[in-house]
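Following: one structure in structure tokens, then a few remarks.
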Amino acid sequence: MSEEKSLNFLEEIIEKDLENNTHNGRVLTRFPPEPNGYLHIGHAKSICLNFGLAKKYNGKCNLRFDDTNPTTEETEYVESIKADIQWLGFQWDEELYTSDYFDQLYAYAVKLIEKGLAYVDDSTAEEIAAQKGTPTSPGVTNSFRERSMQENLDLFSQMKNGDFPDGAKVLRAKIDMKHVNMLMRDPVIYRIKHAHHHRAGDKWCIYPMYDFAHGQSDSIEQITHSICTLEFVPHRELYDWFIEKLEIFPSHQYEFARGNVNYTVTSKRRLLQLVKENFVESWDDPRMPTISGFRRRGFTPESIRVFWDKVGIAKRDNVIDFSLLEFCVREDLNKIALRRMAVLDPIKVIITNYEEGKTEFLPAENNPEDEHAGHRDIPFGRELWIERDDFMTSPPPKYFRLGPGLKVRLKHAYIIECTDYKTDENGQVTEVHCIYFPESKSGEDKSGIKVKGTMHWLSSAHAQSAEVRLYDRLFNVENPASEEGDFKDFISEDSLKIISTAYIEPALKEAAMQDRFQFIRLGYFCLDKNSKSDHLIFNRTVGLKDSWAKEMKK
RNA sequence: UGCCUGAUGGUGUAAAGGUAGCACAGCAGUUUUUGGUACUGUUAGUCUUGGUUCGAAUCCAGGUCGGGUAACCA
């Protein structure tokens with residue numbers, strides 16, 4: 001018996017349309033990025049929504065590149081966007097480009113002129129802005145508005161033919177200069193731009209504006225539900241006006257609230273700054289909120305999909321806790337990550353009663369959450385590495401780790417007891433001496449000894465070296481963009497910590513790019529894309545929940 | 001200032017006039033060869049003022065607060 005999950009407002013709209021047979025049972029959505037940058041976590045919400053809705057209602061979802069501004073768009077972005085969508089686990093029905101509709105869009109504009117609903121305006125951008133008025137004062141008309149249909153037709157044709165320089169003229173819809181909605185005050189619908197288009201090449205020197213491209217493209221594709229974010233609400237009136245006047249397929253626009261996550265920024269401008277000014281390494285730096293950044297960081301597509309699913313769809317402004325994202329990756333990774341041991345900050349342990357030169361191979365399960373994950377054998381010997389944090393010369397109460405006279409279990413191995421330790425001239429511990437209890441071997445413990453703590457470790461004779469990169473949130477304030485001053489002043493100093501001399505267990509030599517690991521007691525890790533077989537680099541996706549650290553803070 | 005839009009625990013999201021629920025976070029505990037996982041319990045909420053109604057988070061009116069909006073960007 002499955003719990004009935006309530007519908008969000010978009011699902012309700014679709015189900016009602018399905019019920020009324022509004023589009024003959026057809027559901028067609030679209031994801032319409034402008035190829036002028038990399039996709040970020042916020043885009044992922046829109047992707048999950050549009051593709052998710054199509055999937056749920058047996059419909060289709062198109063990928064349409066909204067490439068109407070040749071000066072900002074590049075093929076590089078097209079490729080990265082496609083890769084990101086597919087990585088997230090979605091496949092579009094058709095791959096389309098607004099630029100492929102330029103001929104049709106031009107014909108629509110001509111139709112508007114013929115209907116007396118558009119005119120060529122010679123005013124400068126400044127003049128047009130001034131004539132537009134303000135939200136509280138109506139705009140005024142100019143003499144160009146009264147041009148004859150034939151003159152408009154000729155002029156628009158000349159614009160298309162490249163007879164005028166950039167900015168000399170624009171085509172405007174003739175609506176109402178006194179309209180309360182500023183967007184309806186004779187919006188510019190075509191501008192002159194002698195620019196090379198990443199796809200259309202040099203065929204065009206006039207390009208349609210967003211409002212004269214988006215809705216029309218939806219209509220051409222017969223999109224049934226055109227879903228966008230809240231800031232486009234005022235555009236809907238224009239969207240509907242064009243569809244009505246052009247007498248084309250009535251697509252409808254619906255708006256939802258974009259998802260914001262705290263401790264990060266998602267504006268294109270700021271993301272670009274982080275990259276260009278080298279605050280991060282690249283667009284896919286694991287600290288970036290880009291989809292490629294999350295991918296490199298080790299996030300799974302599943303975790304991001306689940307994240308947005310848990311957040312839900314609504315129309316109110318929101319800021320989602322980063323901790324929900326962390327929860328979602330941990331939840332997924334816990335199920336699939338192979339358990340391995342690594343020591344990031346090593347300190348030597350010598351088992352004084354263990355035979356010198358002897359090596360034992362101990363079986364260790366790969367994943368306690370997955371009985372089919374099997375096991376590997378890990379080497380044990382007289383000299384080991386343990387984490388420096390796991391030893392204290394004078395431990396506080398409830399410290400279930402090593403200290404003089406204390407016993408702990410070494411994971412998958414024996415119980416040991418600390419008998420002595422050595423320090424250097426600074427008092428820094430250099431060596432911990434222990435004895436082990438042969439009877440206490442993991443899986444066949446007959447020692448009867450009970451210990452509270454279990455620690456990870458590595459045989460120093462077998463441990464391999466690797467570089468480990470620890471990432472944390474990029475900013476140390478919840479909303480860097482709204483903070484006084486430059487948002488870059490709030491970049492956290494702890495966002496990246498590189499450990500160039502970590503030790504890892506031998507099995508990790510075999511690590512592959514797609515593998516996910518849990519370094520026991522440390523967190524989830526994956527190989528970085530720059531990792532080489534003779535220089536392994538691991539990225540920490542997210543740490544484990546650490547209730548001991550929390551306890552210590554009290 | 002005009003128009004549009006929204007308001008439910010710390011956060012996100014449900015409840016379509018009839019028990020304010022779920023998740024994250026927090027707190028407490030149980031289990032545990034990861035101070036992980038799993039499990040249990042628990043703290044905490046309907047912006048405000050009126051009205052309609054047997055009954056209002058929900059409907060109505062006023063107010064308050066938040067967001068959007070005045071590119072030849074999308």
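Letters A, B, ... mirror the listed sequences (proteins, then strands); counts begin at 1.
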Please report the distance, rounded to the nearest Å, between [atom1] in [X] and [atom2] in [N].
{"X": "A:F517", "N": "B:U34", "atom1": "CZ", "atom2": "C1'", "result": "17 Å"}
{"X": "A:F322", "N": "B:G12", "atom1": "CZ", "atom2": "C1'", "result": "16 Å"}
{"X": "A:F307", "N": "B:A25", "atom1": "CZ", "atom2": "C1'", "result": "13 Å"}
{"X": "A:K45", "N": "B:U13", "atom1": "NZ", "atom2": "C1'", "result": "10 Å"}
{"X": "A:L238", "N": "B:C4", "atom1": "CG", "atom2": "P", "result": "16 Å"}
{"X": "A:E505", "N": "B:U34", "atom1": "CD", "atom2": "P", "result": "16 Å"}
{"X": "A:L324", "N": "B:A25", "atom1": "CG", "atom2": "P", "result": "8 Å"}
{"X": "A:M455", "N": "B:U33", "atom1": "CE", "atom2": "P", "result": "17 Å"}

Tell me, for nucleotides 67-74 of chain B in 5' to 3' order, what letter each nucleotide earns: B for a base near a protein heavy atom under 4.0 Å, S for only sugar-phosphate near one, - for neither? SS-B-BSB

Would you give a per-nucleotide map of nucleotides 36-47 of chain B, 5' to 3', where B means the base has a protein non-hydrogen atom under 4.0 Å away, S means only the sugar-phosphate does, and - means neither? BS----------

Measuring only the [atom1] atom in each nucleotide, how far is [N] from [M]? A whole number of Å is fine.
{"N": "B:U31", "M": "B:C59", "atom1": "P", "result": "49 Å"}
{"N": "B:G29", "M": "B:U69", "atom1": "P", "result": "49 Å"}
{"N": "B:C54", "M": "B:A38", "atom1": "P", "result": "50 Å"}
{"N": "B:G36", "M": "B:A57", "atom1": "P", "result": "40 Å"}

Counting the benzene-type ring for Trp, do A:F538 and A:F519 have ring centres under 6.0 Å apart? yes

Can you confirm if the aromatic rings of A:Y38 and A:Y77 lie within a centre distance of less than 6.0 Å? yes

Chi angles and distances behind the ring-ring contact (aromatic ring centres under 6.0 Å, His included) call for A:F380, A:Y414: CA-CA 10 Å; A:F380 181 86; A:Y414 300 94; 5.3 Å; yes

Exam field: side chain A:Y106 to backbone A:Y101, donor-acceptor pair closer than 3.5 Å: no

Presence of donor-acceptor pair under 3.5 Å, side chain of A:R409 and base of B:U33: yes

Does the base of B:U33 carry an N or O that pairs as donor and acceptor with the side chain of A:S442 under 3.5 Å? yes

For RNA chain B, please output the secondary structure as dot-bracket, reading 5' to 3'. Pairs are Watson-Crick or G-U wobble, both atom distances under 3.5 Å; mark crossing pairs with [ ], other-strand partners with |, unpaired with a dot. .((((((..((((....[..)))).(((((.......)))))....(((((..]....))))))))))).....

Could you point out which residue of A:T98, A:D67, A:D100 forms a side-chain hydrogen bond (donor to acceptor under 3.5 Å, both in side chains) with A:R199? A:D100

Considering every strand and a 4.0 Å limit on heavy-atom distances, what is the contact class for A:Y399: base, sugar-phosphate, or nothing? base

Counting any heavy atom closer than 4.0 Å, what does A:K398 reach on the DNA or RNA strands: base, sugar-phosphate only, or nothing? base

Taking the six-membered ring for Trp, are [X] and [Y] parallel (under 30°), tilted (30 to 60°) or perpendicular (over 60°)?
{"X": "A:F156", "Y": "A:Y190", "value": "perpendicular"}
{"X": "A:F102", "Y": "A:W204", "value": "perpendicular"}
{"X": "A:F232", "Y": "A:Y210", "value": "tilted"}

Quick one: do A:F517 and A:Y524 satisfy ring-ring contact (aromatic ring centres under 6.0 Å, His included)? Show the steps, please. CA-CA 6 Å; A:F517 302 102; A:Y524 293 100; over 10 Å; no

Within the sub-3.5 Å range, which N or O atoms of nucleotides 14-20 of chain B have a protein N or O partner, and how far apart are they?
residue, atom, partner, partner atom, Å
B:A14, OP1, A:I313, O, 3.3
B:A14, O2', A:S6, OG, 3.1

Other residues, nucleotides, ligands: >12 heavy atoms within 6.0 Å of A:K452 NZ: no

Around A:K178, counting heavy atoms of other residues, nucleotides and ligands shown, do more than 12 lie under 6.0 Å from its NZ? no

Go through A:D122 and A:R147 one step at a time and tell me if the salt bridge (charged side-chain N to carboxylate O under 4.0 Å, His left out) criterion holds. CA-CA 11 Å; A:D122 300 359; A:R147 283 217 249 238; 2.4 Å; yes

Tell me, please, which residues at least two apart from A:H196 pass side chain to side chain donor-acceptor pair (under 3.5 Å). A:D202

Show each protein N/O and nucleotides 9-11 of chain B N/O combination with a separation under 3.5 Å, one pair to a line.
residue, atom, partner, partner atom, Å
B:G10, N2, A:D321, OD2, 3.4
B:U11, O3', A:V319, O, 3.0
B:U11, O2', A:V319, O, 3.0

